[in-house]
Amino acid sequence: MTRELQGRDPSIDVLRIVAIVAVVAGHVWFAPPVRLAIYTWHVPVFFVLSGYLASRLRLGELVRRRAQALLLPYAAWLIIIAAVLVGFTDPLRLLAGGAHLPHGFTAFWFVTAFFVAIVAAAVIEPLALGWQWAVALALLGGGYLASDVIALVPFDAGVGLACVVFVVAGRTLRIVRPSLTRPATTGVVMLVAAVALIVSGVSAPLDLKQGDFGTPVVSVVTAILISCGGILVAQRALARVGAGASAIISRLALCGFMVVLTHAAVLYVLHEAGAARWAAFAVALIVPWAVALLALHTPLALVLCGVPRQERHPLDTAAAHMPGISRPRPAPPPGTRRPRHPGTVRA
């Protein structure tokens, strides 16, 4: 198993995959049922997961690693998609990034906002948790008060700062998780409460790209409840997933970032061709994910997917760990006798 797959939590990877599918769905269907069902959580969950999984690194090292994993693929796909679909007739608009980008770049705003949120959250991490919440809530308050302005900040840095609250929420869950006697039950209660807030109309959907944080305070709390509750429930539900399935899940999650960056371009081409929405949704998921899985085994993995090159196929890993299945042994040289296992009897 490659180093990138070792120690990964399949429950976290499943949440990533579900969120990626929801992101693509949100760019295909804009009607209230889909918007109501996914817009509150499908982007915030990425920020919460980053806080939940964050490891303590020196700020410079964190910036270097995150720039390599996020900004390098961002720049690569910005150039590729612009060259194929948009052209470079308006370079200033491309350089402005974020919500300023034209069609084909629908999800690019998230990458830079995510990077800003992670770095800002790392800056305040040395503070006591209460002070981290104070800073995060102050930044969120600025997002509410200047929602029309922060959406215009280049690279969606303003949105990223307002989203620090989600990173701190994930960090808080990581701290309190060991003290929860019934984490799965707690997660179910969180999810039920969030659904009640959404269905009752108390919590409006979020649209972070537009700087829209929904119903003040309530929508953010709802997003945190869904994200944290999803983590707790998924960890319980997938606690006994097999090594083979875990390897495949993790491999899909590893290349999911490329799907985030490229699906909008696929959707744009299919929309121009008059494809049906369900067909467009399927193709925008399957094609980028399939290409990404292939890219993982090439030297371009870091540039296109944001992760180092993967050397082994997940099915090889699965076979090596499945009971009763072993890797084929090489044939012995001609003229040699294969040693017998203890207890074997000749026919």
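We use all heavy atoms of the structure for the numbers below, so side chains are in, but hydrogens, waters and symmetry mates are not.
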>> Can you list, by chain and residue number, the hydrophobic cluster partners of V199 when the side-chain cut-off is 4.5 Å?
In response: V195
>> Testing the basics here: between T106 and H27, what is the closest heavy-atom pair and its distance to 0.1 Å?
In response: CG2-NE2, 3.3 Å
>> Return the CG to CD distance between L59 and E125, rounded to the nearest 0.5 Å.
In response: 10.5 Å
> Are I80 and L304 side-chain neighbours, meaning at least one heavy-atom pair lies under 4.5 Å?
Replying inline: yes
>> Tell me if the centroids of the rings in W77 and F105 come within less than 6.0 Å of each other.
In response: no
>> One pair to check against side-chain contact (heavy atoms from CB on, under 4.5 Å): I118 and L62. What are the steps and the verdict?
In response: CA-CA 9 Å; I118 291 172; L62 179 137; 4.0 Å; yes
> Does the side chain of S250 pick up a donor-acceptor pair with the side chain of D13 at under 3.5 Å?
Replying inline: yes
> Got a donor-acceptor contact below 3.5 angstrom from the T262 side chain to the M258 backbone?
Replying inline: yes
>> What's the separation between atom CG in L296 and atom CG in L302, rounded to the nearest 0.5 Å?
In response: 11.0 Å
> If every non-hydrogen atom of A120 is compared with every non-hydrogen atom of V164, which pair is closest and at what distance?
Replying inline: CB-CG2, 3.7 Å
> In terms of ring plane angle, is the pair F47 and F110 parallel, tilted or perpendicular, where the classes change at 30° and 60°?
Replying inline: perpendicular
>> Under the criterion side-chain contact (heavy atoms from CB on, under 4.5 Å), I'd like the reasoning laid out for V165 against L139: C-alpha separation, chi angles, the key distance, then a yes or no.
In response: CA-CA 8 Å; V165 67; L139 293 171; over 6 Å; no
>> Determine whether the aromatic ring centres of residues F114 and F46 are separated by less than 6.0 angstrom.
In response: no
>> Testing the basics here: between A204 and S219, what is the closest heavy-atom pair and its distance to 0.1 Å?
In response: O-OG, 2.7 Å
>> Under 3.5 Å, is there a donor on one side chain and an acceptor on the other for W133 and T172?
In response: yes
>> Could you report the tightest heavy-atom contact between A169 and C228, atom names first, then the distance?
In response: O-SG, 4.3 Å
> To the nearest 0.5 Å, how far apart are NE2 in H100 and CG in D156?
Replying inline: 7.0 Å
> Does any N or O in the side chain of H42 come within less than 3.5 Å of the main-chain N or O of A19, such that one atom is a donor and the other an acceptor?
Replying inline: no
> If we only count heavy atoms from C-beta on, is the W289 to I17 side-chain gap below 4.5 Å?
Replying inline: yes
> Looking at CG of L261 and CZ of F108, how far apart are the two atoms once the value is rounded to the nearest 0.5 Å?
Replying inline: 4.5 Å
> Can you check side-chain contact (heavy atoms from CB on, under 4.5 Å) on V159 and K209, steps first, answer last?
Replying inline: CA-CA 7 Å; V159 173; K209 180 179 181 179; over 6 Å; no
> Within the side chain of S203, is there an N or O that forms a donor-acceptor pair under 3.5 Å with the backbone of I198?
Replying inline: no
>> Looking at every non-hydrogen atom in both residues, tell me the closest pair between S227 and V45 and how far apart they are.
In response: OG-CA, 3.3 Å
> What are the two closest non-hydrogen atoms of L127 and Q132, and how far apart are they?
Replying inline: O-NE2, 2.9 Å
>> Could you tell me if the side chain of L191 sits less than 4.5 Å from the side chain of L225, heavy atoms only?
In response: no
>> Determine whether L267 and F281 satisfy the following criterion, side-chain contact (heavy atoms from CB on, under 4.5 Å), listing intermediate values before the conclusion.
In response: CA-CA 8 Å; L267 287 175; F281 173 67; 5.7 Å; no
